[in-house]
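Structure first, then comments.
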Amino acid sequence: MSARGQGRWLGRKFFARPVLKVAPELIGKYLVHSTAAGAASGRIVEVEAYDGPEDQASHARFGPTPRAKIMFGPAGIAYVYLIYGMYDCFNVVTGREGEASAVLVRAVASVSLPTGPTGSAGRTDGPGKLCRALGITRAHNGVDLTLGVPLGIEDRGEPAPKLSATPRIGVDYAGEWAARPWRFIETPARDAASAPSAPRRRKS
DNA sequence: CCAAGGATTGGC
DNA sequence: CCAATCCTTGGA
C-alpha cells in the first residue's frame with residue numbers, strides 16, 4: 001500500500017526531532033509488522049527515551065560502538081538488540097544524524113495478529129514479549145521504518161492520550177540519569193491495583 | 001584473549 | 001528472590 005502512504009506511516013520529519021518530544025507522541029500510534037502471512041500490529045502504550053552519549057542509561061554511553069552506532073545515525077531507523085541473551089528489544093532512532101537518541105517501545109495493546117484472534121486480549125508486558133508477539137527480531141535491526149514495510153509506525157488519527165512520566169525501568173546503574181522521568185505511559189484509568197507495584201526493584 | 005554485566009522475563 | 005543465556009564492552 002505504498003500508494004496510499006500519505007501520512008499513513010510516520011515519516012522522517014516526525015522522528016528527526018528531540019527524543020523527549022518524539023517519545024511521548026508515539027503513545028497511541030500503531031507498531032505494524034507486515035509479512036507474507038499478513039500484518040501484526042499493536043497500539044503503543046509504553047515507551048522510554050534514551051538521549052545522547054551522556055545519558056548513562058543509554059547504549060550510546062560508550063560512544064558509537066558497533067552495536068550502538070546505529071543510534072548515532074539518521075532518524076526513523078529501527079534499532080533492535082538482544083538483551084540477556086534471550087529477548088529482542090525494539091527501538092526507533094530519533095533526532096538529528098550525529099546525535100545518539102532512540103525510543104524503546106516497552107508495551108503495546110490491542111494486539112492484532114495475521115493468524116487470527118490475538119488471544120492476548122490486548123497488552124504485552126515488556127519489550128521482550130512485545131517483539132516476540134509481533135515477530136520482531138534482530139533481523140530488523142537497521143530497517144527504515146518510514147517505508148512502512150516490513151516494519152512501520154502508523155498514525156491512525158486517534159486523539160492524543162493522557163500521559164504519565166516515570167523513571168525508566170532497569171537502569172539503576174545509571175546514577176542520576178536513572179531518576180529522570182523519561183518513561184511515558186498512557187495514564188491508567190484507575191491506579192488502585194497498579195500503582196503500588198512499581199517500587200519493587202531487585203537489590204534492596 | 002578473558003571476565004563482567006546487561007534498556008528482561010519467568011520460575012521457585 | 002534469582003537463574004537463564006549470550007552478546008557487548010572494557011581491560012589485561
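Just so we're on the same page: letters track the sequence lines, and every chain starts at 1. The model shown is predicted, which means the values in this text are computed figures rather than measured ones.
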D51(A) side-chain N/O to S101(A) backbone N/O, donor-acceptor pair under 3.5 Å: no
Specify the separation, in whole Å, of atom [atom1] of [X] and atom [atom2] of [N].
{"X": "K69(A)", "N": "dT8(C)", "atom1": "NZ", "atom2": "P", "result": "11 Å"}
{"X": "R168(A)", "N": "dG6(B)", "atom1": "CZ", "atom2": "P", "result": "15 Å"}
{"X": "Y84(A)", "N": "dC6(C)", "atom1": "OH", "atom2": "C1'", "result": "13 Å"}
{"X": "D172(A)", "N": "dG5(B)", "atom1": "CG", "atom2": "C1'", "result": "14 Å"}
{"X": "Y50(A)", "N": "dG6(B)", "atom1": "OH", "atom2": "P", "result": "13 Å"}
{"X": "R138(A)", "N": "dT8(C)", "atom1": "CZ", "atom2": "C1'", "result": "11 Å"}
{"X": "M86(A)", "N": "dG11(B)", "atom1": "CE", "atom2": "P", "result": "12 Å"}
{"X": "Q56(A)", "N": "dG5(B)", "atom1": "CD", "atom2": "C1'", "result": "15 Å"}

R183(A) side-chain N/O to dA7(B) phosphate OP1/OP2 under 4.0 Å: no
N or O in side chain of R132(A) less than 4.0 angstrom from dG10(B) OP1/OP2: yes
Closest nucleotide among dC7(C), dG10(B), dA7(B) to the Y173(A) side chain: dA7(B)
Nearest-angstrom distance, P atom, dA4(B) to dA3(C): 16 Å
Inter-nucleotide C1' distance (dC2(C), dG5(B)), Å rounded: 15 Å
Ring centroid separation Y50(A) to H59(A) under 6.0 Å: no
Paired nucleotide for dA7(B) [Watson-Crick or G-U wobble; both distances under 3.5 Å]: none
Strand partner of dT5(C), provided both Watson-Crick or wobble distances fall under 3.5 Å: none
[X] near the nucleic acid: base, sugar-phosphate alone, or nothing, with a heavy-atom cut-off under 4.0 Å?
{"X": "D125(A)", "answer": "nothing"}
{"X": "R67(A)", "answer": "sugar-phosphate"}
{"X": "I83(A)", "answer": "sugar-phosphate"}

Pairwise 5' ranking along DNA chain C for T65(A) and Y87(A), keeping only the more 5' one: Y87(A)
Pairwise 5' ranking along DNA chain C for F62(A) and G85(A), keeping only the more 5' one: G85(A)
Cation-pi geometry met for R12(A) and F14(A) (6.0 Å, 45°): no
Criterion side chain to side chain contact (heavy atoms under 4.5 Å, CB included) on D55(A) and W182(A), from CA distance to verdict: CA-CA 11 Å; D55(A) 177 0; W182(A) 288 357; 3.6 Å; yes
Flag for Y30(A)-E158(A): side-chain donor and acceptor within less than 3.5 Å: yes
